[in-house]
Amino acid sequence: MILSIESSCDDSSIAITEIETKKLIYHKKISQEAEHSAYGGVVPELASRLHAVALPLILEETKPYFKSLKAIAVTNQPGLGVTLLEGIAMAKSLAMLLDVPLIAVHHLKGHIYSLFIEEESITPLLVLLISGGHTQIIRVESFEKMQILATSMDDSVGESFDKCAKMMGLGYPGGPLIEALAKEGDEDRFDLPVPLRNSPLIAFSLSGLKNAVRLKVEACGGYESMSHQDKCDLSASFQKAIKLHLIQKTKKIFAKEKIRDFAIVGGASANGYIREAYEGLCDEFGKSLLVAPLEYCSDNAGMIGRYAIEAYHKKQFIDPNEIDIISTKKHSSGDFL
Ligand code: KG4
Ligand code: ZN
C-alpha cells in the first residue's frame with residue numbers, strides 16, 4: 001500500500017491506496033473552508049497552522065496500515081509554500097521512520113489521475129484542468145509525457161469564481177456558491193464580455209471578466225445594495241461568460257487535436273453547468289468526456305495516491321533529504337512538462 005498526503009492549499013488529506021488493485025482503502029480530508037470564508041480566500045499562514053493540527057489527527061487513523069506500506073507519496077508542487085511544507089515534513093519523517101521510499105507528486109498531475117481512482121488509466125488524453133490555481137489544456141501522451149497546449153495569462157477559473165463571489169459578499173469557496181445562485185438567475189441580464197472572443201490566441205484570460213463583474217457590482221451600488229435576484233442574475237451571467245470562453249478556446253484545440261478522449265479535472269470541474277456545456281461540445285466533435293467523481297474533483301490525497309502507483313512501478317523515488325517544496329509561480333506555463 002501507499003500512504004499519500006496532500007496539503008498544497010486548504011485541504012488536509014491522507015489516503016491509503018493498494019498498489020496491485022488500485023483500491024482506495026482509506027481516504028480522509030479535513031477542509032478549512034469555514035476558517036478561510038471570513039477572509040474571502042485562503043490565508044496561507046492560517047492554512048499552514050490548520051494543517052499542522054489536522055494532518056496528525058488523520059495520520060493517527062492510518063496507523064493500522066503502517067506495516068503494509070511500501071511507499072509514502074506527497075504533493076511537493078505547485079502550491080502554497082508554507083502549506084506544502086507541512087505535508088512534506090510528515091512524509092519525510094514517515095519515509096525515514098518506516099524505511100520505505102518517498103514519492104514526490106506534482107499536484108496537477110494528481111488532478112489528472114483523479115480520473116483513474118480505482119481504475120486503469122487511459123492515454124492519450126486531452127485534459128482541461130480548471131482549479132483554484134490553474135487553467136490549462138494539457139495533452140497527456142502518457143504518464144511521462146504531458147504537454148500544456150493552452151494556459152491562463154492571468155487568473156484561473158476557480159480563482160475568478162472565488163473573487164467574484166467575494167465581490168458579491170457571498171463567501172468562500174465561490175464556485176459552489178455562484179453555481180447555486182446561477183440556477184435561479186437570468187444569464188442574459190448582465191452584459192459581460194467573453195474574454196479573448198475576437199483573438200486568435202489559444203489561451204485563457206479571466207481578469208478582464210472579473211473587472212467587468214466588479215463594475216456591475218459597483219453599478220448596483222455595492223453588494224450590500226444588491227437584491228438576491230441581482231446576485232443570482234450576475235452569477236448566471238458570469239458563469240455563462242466563463243463557459244463561452246472555455247468552450248470557444250477548447251473548440252480551437254479540438255479542431256487540431258485528433259485524440260478522442262477528453263477530460264475535465266480540478267475543483268471547478270464539479271460545476272454542473274460547465275460539465276453540461278462540455279457534454280454538448282464532445283458530442284459535436286465525436287469525443288468521449290471523462291470526469292472524476294464529484295468527491296475527487298477538489299483537492300484530495302486519493303488522486304495523489306493514484307498517481308503514486310504509476311510512479312512506484314517506475315521506481316520514481318526521491319531521497320528524503322532531497323525533497324523540497326517547489327511553490328512554482330502560479331501562472332507559469334510549461335511548468336510540468
Ligand atoms: O482543485 P481545487 O480544489 O484546488 C486547487 O488546486 O486550486 O480547486 C478549488 C477551486 C476553488 O477556486 C473553487 O471555487 C472551485 O475550485 N470550485 C468550483 C466549484 N467547486 C469548486 N468552481 C466552480 N463551480 C463549482 N461547483
Ligand atoms: Zn488542486
Side-chain angles (χ1 to χ4, degrees), residues 78 106-109 111-112 114-115 122-142 144-164 175 192-213 237-271 273-292 297 328-337:
H106 192 295
H107 182 77
L108 304 188
K109 291 182 179 178
H111 271 302
I112 293 172
S114 69
L115 297 164
I122 299 173
T123 51
L125 186 66
L126 282 176
V127 178
L128 170 70
L129 183 143
I130 39 179
S131 68
H134 295 79
T135 295
Q136 298 179 334
I137 294 184
I138 303 149
R139 188 201 291 123
V140 181
E141 300 279 358
S142 64
E144 267 107 359
K145 197 159 174 239
M146 303 188 189
Q147 190 190 4
I148 297 171
L149 303 178
T151 193
S152 174
M153 304 189 295
D154 39 63
D155 292 352
S156 72
V157 167
E159 184 179 13
S160 64
F161 270 94
D162 295 339
K163 288 180 175 168
C164 290
L192 295 172
V194 176
L196 304 177
R197 186 176 28 196
N198 299 317
S199 160
L201 274 181
I202 304 186
F204 301 104
S205 170
L206 281 309
S207 66
L209 176 60
K210 175 186 69 186
N211 262 333
V213 169
S237 305
F238 162 74
Q239 205 176 234
K240 180 184 166 195
I242 293 227
K243 172 195 78 177
L244 292 175
H245 178 41
L246 289 175
I247 292 285
Q248 194 205 15
K249 296 304 173 187
T250 310
K251 263 187 180 173
K252 288 187 190 287
I253 302 251
F254 277 9
K256 294 204 290 193
E257 294 286 332
K258 297 286 162 271
I259 298 174
R260 210 179 64 92
D261 290 303
F262 174 76
I264 326 175
V265 301
S269 73
N271 186 293
Y273 178 83
I274 293 176
R275 282 189 175 199
E276 211 179 288
Y278 272 97
E279 276 162 19
L281 188 72
C282 285
D283 278 351
E284 188 186 327
F285 280 81
K287 304 219 182 267
S288 27
L289 178 66
L290 281 77
V291 285
C297 288
T328 332
K329 259 190 72 200
K330 242 180 8 178
H331 303 301
S332 61
S333 61
D335 56 356
F336 71 114
L337 299 185

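- S131 is not listed as a side-chain neighbour of H107, based on a closest heavy-atom distance of 4.5 Å or more.
- Between the CG atom in L128 and the CG atom in L149 there is a gap of 11.0 Å [rounded to 0.5 Å].
- In this structure, S156 and L206 approach most closely via the heavy-atom pair O-CG, 4.1 Å.
- Within the model, atoms NE2 of H111 and CD1 of I138 stand 10.0 Å from one another, a figure rounded to the nearest 0.5 Å.
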### Message
Run L196 and M153 through side-chain contact (heavy atoms from CB on, under 4.5 Å) and show every step you take.
### Response
CA-CA 11 Å; L196 304 177; M153 304 189 295; 3.9 Å; yes
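- Atom CZ of F285 is separated from atom NZ of K258 by 9.5 Å, given to the nearest 0.5 angstrom.
- Taking a 6.0 Å sphere around CD of E276, one finds it holds 12 or fewer heavy atoms contributed by other residues, nucleotides or ligands.
- Exactly one residue among K287, K252, R139 makes a side chain to side chain donor-acceptor pair (under 3.5 Å) with E257. That residue is R139.
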### Task
Begin with the C-alpha distance, continue with both residues' side-chain angles, and end with the deciding distance and a verdict on side-chain contact (heavy atoms from CB on, under 4.5 Å) for I247 and Y278.
CA-CA 7 Å; I247 292 285; Y278 272 97; 3.9 Å; yes
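- A pairwise comparison of heavy atoms in D261 and P124 identifies CB-O, 4.2 Å as the closest pair.
- Summarising the geometry of F204 relative to A150, their closest heavy-atom pair is CE1-CB, 3.9 Å, with the distance given to 0.1 Å.
- Between L108 and L129 the shortest heavy-atom distance is O-CD1, 3.8 Å.
- Between F262 and F254, the angle of the ring planes goes over 60°, which puts this pair in the perpendicular group of the 30/60° scheme.
- The NE2 atom of H245 sits 8.5 Å away from the CG atom of L209 when rounded to the nearest 0.5 Å.
- What you find for P193 and A241 is that their closest heavy atoms are O-CB, 4.0 Å.
- N198 CG to Q248 CD: the interatomic distance, rounded to the nearest 0.5 Å, is 8.0 Å.
- A salt bridge links E159 and K163; the closest N-O separation between the charged side-chain nitrogens and carboxylate oxygens is under 4.0 Å.
- D154 and S205 share a side-chain donor-acceptor pair at under 3.5 Å.
- Minimum interatomic distance between L115 and V291 (heavy atoms only, all atoms of both residues): CD2-C, 3.7 Å.
- Judged by distance alone, the side chain of K251 and the main-chain N or O of L281 form no donor-acceptor pair under 3.5 Å.
- To the nearest 0.5 Å, atoms CD1 (I137) and CD1 (I130) are separated by 10.0 Å.
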